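The structure appears below as structure tokens.
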Amino acid sequence: MVDVTTSLTFSDTVSGKAEGDVLVVTLNNPPVNAASAELRQGLWRALDHARSDNAVSAVVITGAGKSFVAGADIKEFGKPQVDPTLPAVVEKIEASEKPVIAAINGVALGGGCEIALAAHARIAHSKAKLGFPEVKLGIVPGAGGTQRLPRLVGCLEAVEMIGTGKPVNAEKAFGIGLIGAIAKGDLLSDALALAQSLKGKPVLRTSERIAPRSDQATVQNTIAKITLKAKGQMAPGEAMRLAASASTLSFTQGLSDERETFLRLRDSDQAKALRHVFFAERDAAKVDGLEHVEPLPLNKIGVCGLGLMGAGIATALLSAGYELIGYERDEPAAEAGKARILDILGKNLKSGRIDQADFERQAANLATTAKLRELAPCDLVIEAVFDDMTIKTELFQKLDLVIRSDAILATNTSYLDPDALAAETAHPERVIGLHFFSPANIMRLVEVVRCAQATPQAVATGFALAKKLGKLPIVTGVCEGFIGNSIFSAYRREAEFLLEDGALPQEIDAAMEDYGMAMGPFAVFDLAGLEIAWARRKREAPTRDPEARYVDIADRLCEAGRLGQKSGRGWYSYEAGKRTVDSAVTEMIAQSRAAKGITPRAIASEEIVKRLIGAMADEGKTLLDKAIAARASDIDLVMINGYGFPAYRGGPMFAASR
Ligand code: T1G
């Protein structure tokens, strides 16, 4: 008989405790209960103990902390396998003759969800989340998830969950049959009651269930839709194929196909790249010098300039629950800015991203004004006014007289020197850069600019704010263009070199879009507009290195009034929003080459990709040498989250290192 007071230790991360005749097994592998070898071994021993101890009639498995199990231990990938494997543990759970209940206390992801699926019953905390994020790592579930999930929830729901990698909350999980109950009171108490109700009854194994019927046409349409969205990625299509096969293949056949697919994808370039990105995002949060710095508390935030960028920033702040004061130079502009912000909030409501209560709460937190003094109570003010140093300097000098001396001033400038701006203010130590990317309410990336005189607390406060907004903050030093635009300028320069050497815009764009970029470089230049880069080139002309290669084709386009998509013509022509190759541009390129005595040559897409990735990586190395970027993986994250670089390629630094 297990002594009711005995607590059992099955491994350093797995303990057991008898609650009457039920063995409660607690998984405790901080911080997220990843299914490490140690945890698997402990769970294996706990199941052996339950099987051999006649005093045990049922088992409850639960997690300590915020996770049930966050999945396989990603840090073990690429290392020699240590038994028992997760599939073996999962099969042992399901094979148990005594009922096993999963008491899902927090996130059950990937292998964690597969452990829950193998249990004979599932009950979850109301705040629990369950999901299969494997495709975000370039792999498929590898411990029976593609075969058990459809047998519980049907192929359609299974294809949606496994193909998108998006978790579901407890309510949705209950609604689709993924869990049998949501705890009404204490999770463990409810799980013990469930265990008692199953005692002595034959266990119902998930693998023996028949998948609820799903309309095959709808399943195939869903697969097609998700596959299209996941352009270039292998895992989503493979994962959905496996899940859909559960309605036709035997469990054994499906499991075998899943295992082969998992092992093949786990070693793929895409999976290695996505694992790199996963850990890169976590490393980016470890900012040298800020480890023990407490950010300032932020409640009321001001945004100066409520144009497209400012309204996007304001909406992101309202969505995160901040009180916001939006400032414009006069009442009409302030009113227009308010309308712009409310329009975005209205779109969030219409799309279901927020509900009516959220909308009303966020709208109530918004005030706009043309009186700068009304920003006095702000803890932080972000300026998103026209990118002109005089305008920004005057604004910051006026704000110096309005806000507290310890309130933070953040500039959203893309190209101006924030150190020069800070030097013109009364308290340069509180000036930082927060470089958002448009549309700021959508784009994850925020470059947190570490100005020379900024205190660590000012930088830490900006960093913490970006995290609170659900953004991906990346710290950058001060240089023209910071990390992202520096890399993008190198990318543009090499693209124009390729043009002069013999490639055409449409060939270069096609090569990079086939590589996985959201848009080719010349399409992007047209979308962004050519005039800003043209103005900068004219500004730099007097000091340009006469020995450095300079391509003047873009200048010729601008001089001809071809300023990009907005002007109807740029590198391409645009009629009714459709982008078409323009022979006039081809002619201008030919003339520019001839004027330099360049004989064009055909350039293969492989060379185009290699040279453009190489140019970005070379610029990245320069940024690392100058300590503008803290680590190569930060550069990868900037290009993936701000410039459409495909995550499944890992970013330019990762790709160039392969
Ligand atoms: N393995 C190893 N380490 C992990 C991990 C994991 N699965 N998940 C998180 N960590 C580390 C992370 O690197 C960081 O470490 C710390 O935990 C906190 O993470 C067989 C094969 C669970 C929602 O993809 O989504 O199961 O930086 O900052 O914001 O079919 O972590 O402190 O050293 O993200 O509170 C599938 C990935 C694996 C889940 C918590 N599972 N993790 O978010 O913390 S594949 C996943 C997350 C699989 C099976 C297949 C999140 C989280 P450090 P964090 P968080």
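Every heavy atom of this structure was used, including side-chain atoms; hydrogens, water molecules and symmetry mates were not. Predicted model only: the values in this text are computed from it and were never measured. Both counts, for ligands and for their atoms, begin at 1 and track the order of listing.
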Right, does [atom] have protein non-hydrogen atoms nearer than 4.0 Å?
atom                    : answer
atom 29 (O) of ligand 1 : no
atom 52 (C) of ligand 1 : no
atom 43 (O) of ligand 1 : no

Atoms of ligand 1 less than 4.0 Å from [X] heavy atoms?
X      : answer
Phe262 : 21 (C)
Asp73  : 1 (N), 2 (C)
Lys66  : 35 (O), 55 (P)
Leu86  : 20 (C)
Glu114 : 20 (C), 30 (O), 49 (C)
Lys286 : 27 (O), 33 (O), 53 (P)
Phe77  : 21 (C)
Phe279 : 13 (O)

* **Asn33 (side chain) donor-acceptor with Ser67 (main chain) under 3.5 angstrom** =>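 Judged by distance alone, yes, a pair lies under 3.5 Å.
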* To do: Could you tell me whether a side-chain N or O of Ser256 sits under 3.5 Å from a main-chain N or O of Thr252, the two making a donor and an acceptor?
  =>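 Looks like no, no N/O pair under 3.5 Å.
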Should the proximity of [X] to ligand 1, defined as any heavy atom under 4.0 Å, be assigned to the side chain, the backbone, both, or neither?
X      : answer
Ala34  : side chain
Leu137 : side chain
Arg266 : neither

Do [X] and [Y] meet the cation-pi criteria used here (NZ or CZ under 6.0 Å from the six-membered ring centre, within 45° of the axis)?
X      : Y      : answer
Arg264 : Phe262 : no
Lys136 : Tyr648 : no
Arg649 : Tyr515 : yes

Which residue owns the protein heavy atom closest to [atom], what's the atom, and how far is it?
atom                    : value
atom 25 (O) of ligand 1 : Leu109 CD1, 4.0 Å
atom 37 (C) of ligand 1 : Phe278 CE1, 3.5 Å
atom 40 (C) of ligand 1 : Val32 CG1, 4.0 Å
atom 19 (O) of ligand 1 : Arg282 NE, 4.0 Å
atom 50 (C) of ligand 1 : Glu134 OE2, 3.4 Å
atom 3 (N) of ligand 1  : Lys75 NZ, 3.2 Å
atom 17 (O) of ligand 1 : Pro31 CG, 3.5 Å

What I want to find out is whether [X] reaches [Y] closely enough, with some N-O distance under 4.0 Å, to be called a salt bridge.
X      : Y      : answer
Arg45  : Asp48  : no
Glu94  : Arg148 : yes
Glu258 : Arg241 : no
Glu76  : Arg40  : yes

* Asked: Nearest to atom 39 (C) of ligand 1 by heavy atom, Ala70, Ala35, Gly144: which?
  ->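 Residue with the shortest heavy-atom distance to the ligand atom: Ala70.
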* To do: Check the pair Glu171, Lys127 against salt bridge (charged side-chain N to carboxylate O under 4.0 Å, His left out), reporting the backbone distance first and the verdict last.
  => CA-CA 9 Å; Glu171 190 181 348; Lys127 296 268 185 274; over 6 Å; no
Does ligand 1 have any atom that is closer than 4.0 Å to a heavy atom of [X]?
X      : result
Pro133 : yes
Phe132 : no
Ser67  : no

* To do: Examine Phe437 together with His435 and report whether their ring centres are nearer than 6.0 Å.
  =>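 Yes, close enough.
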Quick check: does [X] get an N/O under 3.5 Å from an N/O on ligand 1?
X      : value
Pro141 : no
Ala72  : yes
Gly111 : yes
Ile74  : yes

* **Side-chain donor-acceptor contact under 3.5 Å, Thr13 with Ser11** =>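 Their side chains do contain a donor-acceptor pair, which is all the 3.5 Å distance test asks for.
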* **Candidate pair Lys166 and Glu160, rule salt bridge (charged side-chain N to carboxylate O under 4.0 Å, His left out), full reasoning** => CA-CA 8 Å; Lys166 285 186 189 143; Glu160 183 84 33; 6.0 Å; no
Side-chain heavy atoms of [X] within contact of [Y], under 4.5 Å:
X      : Y      : value
Ile432 : Arg450 : no
Ile301 : Leu465 : yes
Met161 : Leu178 : yes

* Asked: Where do Ile61 and Phe68 land on the side-chain contact (heavy atoms from CB on, under 4.5 Å) test, with the steps shown first?
  -> CA-CA 9 Å; Ile61 300 174; Phe68 173 66; 4.2 Å; yes
